[in-house]
Participant: 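Below are the structure tokens for one structure; questions will follow.
Keep in mind that this is a model prediction, so the values were computed, not measured. Excluded from the calculations below are hydrogen atoms, water molecules and symmetry mates; all remaining heavy atoms, backbone and side chain alike, are included. In what follows, chains carry the letters A, B, and so on, assigned in the order in which the sequence lines appear, proteins first and then strands, with residues in each chain numbered from 1.
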Amino acid sequence: MLNKPNQFIRLRKEKLAKIKALGINPYPVKSSRTHYISALLQDREEWIQKAEEVSITGRLTAMRRQGKIGFGDLEDISGKIQLYVAQNLIGEENYELFKLCDPGDFIQATGKTFFTQTGEYSLKCNNIKLLAKNIRPLPAVKEKIVDGKKIRYDEFSDIELRYRKRYLDLLLNPEHRKVFEMRAKIITAIRNFMDYRGYVEVETPILQPLYGGANARPFITHHNTLDMDLYLRIATELYLKRLIVGGFEKVYELGKDFRNEGMDRTHNPEFTMIEFYEAYSDLEGMMDIAEELIKHLALDVIGKDTFFYRHHQVCLSGKWKRASLPDLVSEYMGQDVMNISFEELSAYCKNKGLVIPPGSEKGKLIALIFENFVEETLIQPTFVCDFPKEISPLAKAKPENPFVADRFELFIAGGEFANAFSELNDPLEQRARLEEQAKLRDLGIDEANVVDEDFLEALEYGMPPMGGQGIGIDRLVMLLTENDSIKEVILFPQMKIT
RNA sequence: GGUCCAGUAACUCAGCGGUAGAGUAUCUGCCUUUUAAGCAGAGAGUCGUUGGUUCGAUUCCAACCUGGAUCACCA
């Protein structure tokens, strides 16, 4: 009531002052740990027999004091163990310090392990050292184990708070920390997979004078010294292709892209993507890599092949299906889409309530029908080939059917997981395609590609035939960790300022 | 952007026209093998924000803010 910000912080600051008055530095430089807690938890009988004195460090997560003894739970990255602290063992002065400790403090405990009367394996402390005082109490979460199952009380579960104060979420909800540990393992495994295949990992500019490689609106920023606007990249594609022109044959980049668009369960303004390009490879090669990589991540990193994702049971084992986009759309419509006129198709779309963007031709309409009605039916992994060339400005046309591009997207659980094509390396054709895109921009399609003269010039020097592919990492992690919201797999998702 | 739901103590929630409650957490006291420790006592809230209706609003109404779900848009 008196002192803002709140009573708790005020009280803890008072404790802090008392600790200082005892001549103790609440934030010392030195700490020493002889063992991780997990090490003590193995071969418990042996530890007790050895009676070796150990020092462990970590955060105090609970305290149960009773007079001249007390118990505490100490947790480090590896595990948690109970501390037994008795005044007659650690001495009066040291016990005074213990009384001034709170859950949330970092401490170093020294002693030997033993079993308490109730059979709890614990550290019998002969010394406690404060490593860092907490002055803002952590939310009080308690847990109890019943029949081997952990019941948590007053779980820190407010979704908004979990995202805004992610450190608390990680601290108080171990299963959420686990998601990010899995994410790290997945990303490491992807790098190993690519490196093993002879790909070179590269880093290309995030700040770009022009953006390209995808259909999206960019973020714009400004460089003061150069006095020029720059764009945050929406894709790495055009720079990676320049590297293939430059003589690299296999490159990949795994990093953030930025798209200035709506946010929802599957879109965050900054997200992680891997793109890779391989000279002399083709669509077959790209499908093999996608299938092999994702199966590897599922089986070898996660350890299973079946996932429950977005209300669907998805099995990644077995040879993945392949389908042709026009065939799927024809099947959906009940008539051969290749033999329908633009006018008929247009009427069909309007009848279905689809909004037809200006400048659309037949390919765009077919894609619209696919996106709105067919995608969601592709639950088990499916490579969808033959995307209309019209919506694939950076992909080669298929020789036997120039209406479509030599391109596929991979769909799982109704969502897109990969996008790959035979990269267009005809500089004149590429120029013509980008100029088509420029016309769309003039019609108000903000997401259309811009003409990148430097990229076109690079192509004029010659680029080998190749396969290229992009895989969204966040969505892959969502699938593999069975999370339906992208915010659950991004540590600090974008939130409005409050 | 549309629609629906939510916002009350540090956490999890109840209440709903008469200016607030519980459990946990916190503080004080007792307690040398506890473990969601226990027992006794205490403190703690601009009831998301701003207006309106009313004698009186946390409660009803409106707008706004933040988040979630969903649709639209969008890779």
Participant: Among B/C74, B/C27, B/C11, which nucleotide sits nearest the side chain of A/F156?
Facilitator: B/C11
Participant: With a 3.5 Å limit on both atom pairs, tell me what B/C16 is paired to, counting Watson-Crick and G-U wobble, or say none.
Facilitator: none
Participant: Within 45° of the axis and under 6.0 Å from the centre of the six-membered ring of A/F180, does NZ or CZ of A/R177 qualify?
Facilitator: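 No, A/R177 and A/F180 do not form such a contact.
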Participant: Answer yes when A/R59 and A/E75 have at least one side-chain N-carboxylate O distance shorter than 4.0 Å, and no when they do not.
Facilitator: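 The answer is no: the pair does not qualify as a salt bridge.
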Participant: In Watson-Crick or G-U wobble terms, both distances under 3.5 Å, what is the partner of B/C4?
Facilitator: B/G68
Participant: Quick one: label A/L161 by what it contacts on the DNA or RNA (base, sugar-phosphate, nothing), any heavy atom closer than 4.0 Å.
Facilitator: sugar-phosphate
Participant: Base, sugar-phosphate, or nothing for A/K496, non-hydrogen atoms under 4.0 angstrom?
Facilitator: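 Since only primed, P, OP1 and OP2 atoms lie under 4.0 Å of A/K496, the category is sugar-phosphate.
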Participant: Which base sits across from B/C39 as a Watson-Crick or G-U pair, both distances under 3.5 Å?
Facilitator: B/G29
Participant: Out of B/U32, B/C73, B/C27, which nucleotide sits closest to the side chain of A/K15?
Facilitator: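 The nucleotide sitting nearest to the side chain is B/C27.
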Participant: With both distances under 3.5 Å as the test, what is the Watson-Crick or G-U wobble partner of B/C73?
Facilitator: none
Participant: Return whichever of A/H311 or A/Q117 has its heavy-atom-nearest nucleotide of RNA chain B closer to the 5' end.
Facilitator: A/Q117
Participant: Please list residues of residues 70-87 of chain A whose heavy atoms come under 4.0 Å from any atom in RNA chain B, ordered by number; otherwise none.
Facilitator: A/F71, A/Q82, A/Y84
Participant: Is A/D43 salt-bridged to A/K50, cutoff N-O under 4.0 Å?
Facilitator: no
Participant: Is there, by distance only and without an angle test, a donor paired with an acceptor across the side chain of A/D154 and the base of B/G23 below 3.5 Å?
Facilitator: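 Side chain to base: pair found, below 3.5 Å.
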Participant: Show, in sequence, the C-alpha distance, side-chain angles and deciding distance for A/R152 and A/E175, and conclude whether the salt bridge (charged side-chain N to carboxylate O under 4.0 Å, His left out) test is met.
Facilitator: CA-CA 12 Å; A/R152 205 178 294 155; A/E175 69 278 15; 3.0 Å; yes
Participant: From the options B/U26, B/G68, B/U35, select the nucleotide whose nearest atom is closest to the side chain of A/E120.
Facilitator: B/U35
Participant: If each of A/N215 and A/R65 is mapped to the nucleotide of RNA chain B with the nearest heavy atom, which maps nearer the 5' terminus, i.e. the 5' end?
Facilitator: A/R65
Participant: With a 4.0 Å cut-off on N to O distance, would you call A/E361 and A/K364 a salt bridge?
Facilitator: no
Participant: Check step by step if salt bridge (charged side-chain N to carboxylate O under 4.0 Å, His left out) holds for A/R242 and A/D452.
Facilitator: CA-CA 12 Å; A/R242 284 173 171 92; A/D452 184 335; 3.3 Å; yes
Participant: Nearest of B/U35, B/A10, B/A36 to any side-chain atom of A/K144?
Facilitator: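 Per side-chain heavy atoms of A/K144, the pick is B/A36.
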Participant: Got A/R310 and A/R265 here, is their nearest side-chain heavy-atom distance under 4.5 Å?
Facilitator: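 Yes, their side chains come closer than 4.5 Å.
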Participant: Do A/F71 and A/Y84 come close enough that some side-chain heavy atom pair is under 4.5 Å?
Facilitator: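 Yes, side chains in contact.
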Participant: According to a strict under-4.0 Å criterion, is A/R164 in side-chain N/O contact with OP1 or OP2 of B/G67?
Facilitator: yes
Participant: Ignoring hydrogens and angles, answer whether the base of B/U34 and the side-chain atoms of A/Q66 contain a donor-acceptor pair closer than 3.5 Å.
Facilitator: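 No pair found.
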Participant: Please name the pair of heavy atoms, one in A/K487 and one in A/R166, separated by the smallest distance, quoted to 0.1 Å.
Facilitator: O-NH2, 2.6 Å
Participant: Check whether any side-chain nitrogen or oxygen of A/K124 sits under 4.0 Å from OP1 or OP2 of B/U33, and answer yes or no.
Facilitator: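 Answer no for this pair, as no side-chain N or O of A/K124 is under 4.0 Å from OP1 or OP2.
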Participant: Can you find an N or O donor on one side and an acceptor on the other, under 3.5 Å apart, linking the side chain of A/T118 with the base of B/U33?
Facilitator: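 Flag unset: no donor-acceptor pair detected.
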Participant: Once you apply the 3.5 Å cut-off to both distances, tell me the Watson-Crick or G-U wobble partner of B/A62, or none.
Facilitator: B/U50
Participant: Answer with base, sugar-phosphate or nothing: what part of the nucleic acid does A/K150 contact at a heavy-atom distance below 4.0 Å?
Facilitator: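 No contact.
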Participant: Pull out every residue in residues 408-423 of chain A that has a heavy atom closer than 4.0 Å to any atom of RNA chain B, ordered by number, or say none.
Facilitator: A/E409, A/E416, A/N419
Participant: Contact class for A/R217 vs. all strands (heavy atom < 4.0 Å): base, sugar-phosphate, or nothing?
Facilitator: nothing
